[in-house]
Each structure stands twice: as C-alpha cells, then as structure tokens.
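Heads up: the structure comes next, in structure tokens.
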Amino acid sequence: MAKVQGAVIINEERCKGCDLCVVACPTGVLALQPKEVNDRGYHFAYTDKPEACIGCASCAVVCPDACIEVYRVVEK
Ligand code: SF4
Ligand code: SF4
C-alpha cells in the first residue's frame, strides 16, 4: 500500500516561537529551538523528528503567522 510521507518547511525568521504548531502535531515532529534564536529574538520551531511527519497540515493550520508549508509525498 502506498505510504504518505509529509515534509514541512518552516520560515524560521517569521516564527515567533508561540509553540502552537508543536502542540498541534500528532506525531511529535516539531519542537522549539532550546537555545538558538532568530533575528527577532524568538526560539523558533524546527523539525526535530522529520521522519515522523504524515503531512496532516495541522501545524500549518494553527500557525498564526503562516510560517509553515506542508508537502506530501506518496511512496509507492
Ligand atoms: S504536517 Fe502534521 S505531522 Fe507533519 S509536522 Fe505538521 S502537524 Fe506534524
Ligand atoms: S505556530 Fe508558527 S509562529 Fe508559532 S511556533 Fe509554530 S511556526 Fe512559529
């Protein structure tokens, strides 16, 4: 059966570190950078476990600043 794998691209400079996407992700893909900050001084979101992404787009839906793009790849 075809397996759907997702991939997300996060605009790190636009991210304000609000954590909503981290909480919304059902598979624990996302996390906030514990130490690094972006140019605006926020701990931005990054893909901690990219292989777990199922492409559900919950993260992109909840992000108030539209920082996340989701792609879906069907592996045959
Ligand atoms: S698309 Fe879904 S599984 Fe992938 S990072 Fe976003 S919320 Fe998590
Ligand atoms: S929801 Fe958007 S602004 Fe908030 S931490 Fe995630 S990517 Fe950053």
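The analysis underlying the following values was restricted to heavy atoms, covering all of them including side chains, and did not include hydrogens, waters or symmetry mates. Start at 1 with the first residue, then count along the sequence. When a ligand or atom number is given, it counts from 1 through the structure's own listing order.
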Those atoms of ligand 2 less than 4.0 Å from some heavy atom in [X]:
X: Cys21; answer: 1 (S), 5 (S), 6 (Fe), 7 (S)
X: Gly17; answer: 5 (S), 8 (Fe)
X: Ile68; answer: 7 (S)
X: Asp19; answer: 4 (Fe), 5 (S)
X: Cys18; answer: 1 (S), 3 (S), 4 (Fe), 5 (S)

For the residue pair [X] and [Y], establish whether any side-chain heavy-atom pair is separated by less than 4.5 Å.
X: Val70; Y: Cys59; value: yes
X: Leu20; Y: Pro64; value: yes
X: Pro26; Y: Cys56; value: yes

Let me confirm one number: the [atom1]-[atom2] distance from [X] to [Y], rounded to the nearest 0.5 Å.
X: Cys18; Y: Tyr42; atom1: SG; atom2: OH; answer: 10.0 Å
X: Lys16; Y: Arg40; atom1: NZ; atom2: CZ; answer: 8.0 Å
X: Phe44; Y: Leu30; atom1: CZ; atom2: CG; answer: 13.0 Å

Test item, Gly28 contacting ligand 1 (heavy atom, 4.0 angstrom) |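 Contact check Gly28 vs ligand 1: negative.
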Has Cys56 got an N, O or S atom lying less than 2.8 Å from atom 2 (Fe) of ligand 1?
-> yes
Top protein contact for [atom], by heavy-atom distance:
atom: atom 1 (S) of ligand 1; value: Ala57 N, 3.2 Å
atom: atom 4 (Fe) of ligand 1; value: Cys53 SG, 2.4 Å
atom: atom 3 (S) of ligand 2; value: Lys16 N, 3.4 Å
atom: atom 6 (Fe) of ligand 1; value: Cys59 SG, 2.3 Å
atom: atom 8 (Fe) of ligand 1; value: Cys25 SG, 2.3 Å

Treat each ILVMFWY residue as a node, draw an edge where side-chain heavy atoms are under 4.5 Å apart, and state whether Val22 and Ile10 are in one component.
-> yes
Can you check side-chain contact (heavy atoms from CB on, under 4.5 Å) on Leu32 and Asp19, steps first, answer last?
-> CA-CA 7 Å; Leu32 293 186; Asp19 207 37; 3.6 Å; yes
Identify the two heavy atoms, one from Glu36 and one from His43, that lie closest to each other, and give their separation to 0.1 Å.
-> O-ND1, 3.4 Å
Any idea which heavy atoms bring Val29 and Ala52 closest together, and the distance?
->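 Val29 and Ala52 have their closest heavy atoms at CG2-C, 3.7 Å.
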Are any N, O or S atoms from Cys63 nearer to atom 2 (Fe) of ligand 2 than 2.8 Å?
-> yes
Does Asp65 have a non-hydrogen atom less than 4.0 Å from ligand 2?
-> no
Going by the 4.0 angstrom heavy-atom rule, the piece of Val8 near ligand 1 is side chain
Contact partition for Val62 relative to ligand 2, non-hydrogen atoms under 4.0 Å = neither
Ligand-residue contact atoms, ligand 1 with Thr27, heavy atoms, under 4.0 Å =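 That gives atoms 3 (S) of ligand 1.
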Which of the ligand 1 atoms, numbered from 1, are nearer than 4.0 Å to a heavy atom of Pro26 | 7 (S)
side-chain contact (heavy atoms from CB on, under 4.5 Å), paired with Ile68, selected from Val8, Thr47, Val61, Ile9 |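 Output: one option passes, namely Val8.
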